[in-house]
Asker: 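For reference, the structure I am asking about is given below.
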Number of protein chains: 2
Amino acid sequence: MDDFKANAKVFKAFCDENRLRIVSLLKGGEQCACVLLDELEICQSTLSHHMKILCDSGVVVGRKEGKWIYYSISQEGSQFALRTLRELTTVTLTGNQKNISRCCE
Amino acid sequence: MDDFKANAKVFKAFCDENRLRIVSLLKGGEQCACVLLDELEICQSTLSHHMKILCDSGVVVGRKEGKWIYYSISQEGSQFALRTLRELTTVTLTGNQKNISRCCE
DNA sequence: ACTACATATTGACAAATGTCGATGTGATTT
DNA sequence: AAATCACATCGACATTTGTCAATATGTAGT
């Protein structure tokens, strides 16, 4: 039941500035790594590092074609992230639970 | 237009295991910090550190009452996070754009 | 085979992060 | 006023993270 560690990994995809830029570039559809590299001001090995994290999180998928790799946003992955975030932040007050709980009593 | 850095900060709230546990504990409603401390296996200063990050991200709000601080999930904050995540991961293919873009040509 | 190209991996490093113990601060109680 | 409680801040430390340069791997073209 240690989803927490696993879910934290998913959200790690989104907690870096450059990874957000990458995801944002993929909004327009599949993009080759070299295009991403052109748009961002990071070196190639750094991009590769970020793409690994994004793919590991499930939010992005890569498709190899010859020399190139085309990355795109995974519908399943991003919907999982969305669902997880919603479940995590939705307050569920049960009937017998007071809105304000007194502590240390 | 550097939303990226700001948004990364929001998602940082969710990229740590213990912070996910804290948010999860707040799903049931407002909780005093000392209750959170009881549930988690971290020391008080560490909890305080995490609460600061959660509050700074806007996902959690604290309400002071006497000696205690009651934390709860912010509806505005978490909905902002949800909306941002959705906007970030929604693929928007424009009409004249091919699904597969050839690169390096 | 050789070269050029696209991406991954490695090693190194500075910066950020999570953690704790100790101490500070502010409120309540005695 | 003194003691106690709840929480924040500080200092120290180990770990993780983001970054780059250099090198490796794998593919395509000559």
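Chain A is the first sequence line, chain B the second, and so forth, proteins listed ahead of strands; every chain is numbered from 1. As the structure is a computational prediction, the values presented were derived from the model and not from experiment.
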Asker: Heavy atoms only: give me the nearest A/I73-B/L88 pair and the separation to one decimal.
Answerer: CD1-O, 3.9 Å
Asker: Please state how far atom CD1 in B/I69 lies from atom C1' in D/dC5, giving the value in whole angstrom units.
Answerer: 13 Å
Asker: Ignoring hydrogens, what is the shortest heavy-atom contact between A/E30 and A/S72? Give both atom names and the distance.
Answerer: CG-CB, 3.8 Å
Asker: Between A/S45 and A/G66, who's closer to the 5' end of DNA chain D by nearest nucleotide?
Answerer: A/S45
Asker: Listed in order of residue number, which residues of residues 46-57 of chain A have a non-hydrogen atom at under 4.0 Å from DNA chain D?
Answerer: A/T46, A/H49, A/H50, A/I53
Asker: Could you pull out the closest heavy-atom pair between B/A8 and A/L20, with the gap in Å?
Answerer: N-CD1, 3.4 Å
Asker: Using the side-chain contact (heavy atoms from CB on, under 4.5 Å) rule, pick out the option among B/Q44, B/K52, B/M51 that qualifies with B/S48.
Answerer: B/Q44
Asker: How close or far is atom P of D/dG18 from atom CZ of B/F4, stated in whole angstroms?
Answerer: 16 Å
Asker: Can you identify which nucleotide, out of C/dG18, D/dT27, C/dA8, has its nearest atom closest to the B/R19 side chain?
Answerer: C/dG18
Asker: Does atom NZ of B/K9 have more than 12 heavy-atom neighbours from other groups under 6.0 Å away?
Answerer: no
Asker: Grab the NZ-C1' distance between B/K5 and D/dG18 for me, whole Å please.
Answerer: 13 Å
Asker: Rounded off to whole Å, could you give me the NZ-to-P distance for the B/K67 and D/dA3 pair?
Answerer: 16 Å
Asker: What is the distance, rounded to the nearest whole Å, between atom CG of B/L40 and atom P of C/dG18?
Answerer: 14 Å
Asker: For a quick test of reading the model, state the closest non-hydrogen atom pair linking A/Y71 to A/G62 and the distance between them.
Answerer: CD2-CA, 3.7 Å
Asker: Just the rounded figure in Å: distance from P of C/dC5 to CG of A/L37.
Answerer: 15 Å
Asker: Is it true that B/E87 and B/R83 have a side-chain N and a carboxylate O under 4.0 angstrom from each other?
Answerer: no
Asker: Which residues, if any, of residues 9-17 of chain A bring a heavy atom under 4.0 Å of DNA chain D?
Answerer: A/K12, A/D16
Asker: In whole angstrom, what separates B/W68's CH2 from C/dT29's C1'?
Answerer: 11 Å
Asker: Whole-Å distance between C/dG18 C1' and B/Q44 CD?
Answerer: 15 Å
Asker: Determine, for B/R63 against B/E65, whether the closest basic-nitrogen to carboxylate-oxygen distance falls under 4.0 angstrom.
Answerer: yes
Asker: Check the pair B/T84, B/V10 against side-chain contact (heavy atoms from CB on, under 4.5 Å), reporting the backbone distance first and the verdict last.
Answerer: CA-CA 9 Å; B/T84 305; B/V10 173; over 6 Å; no
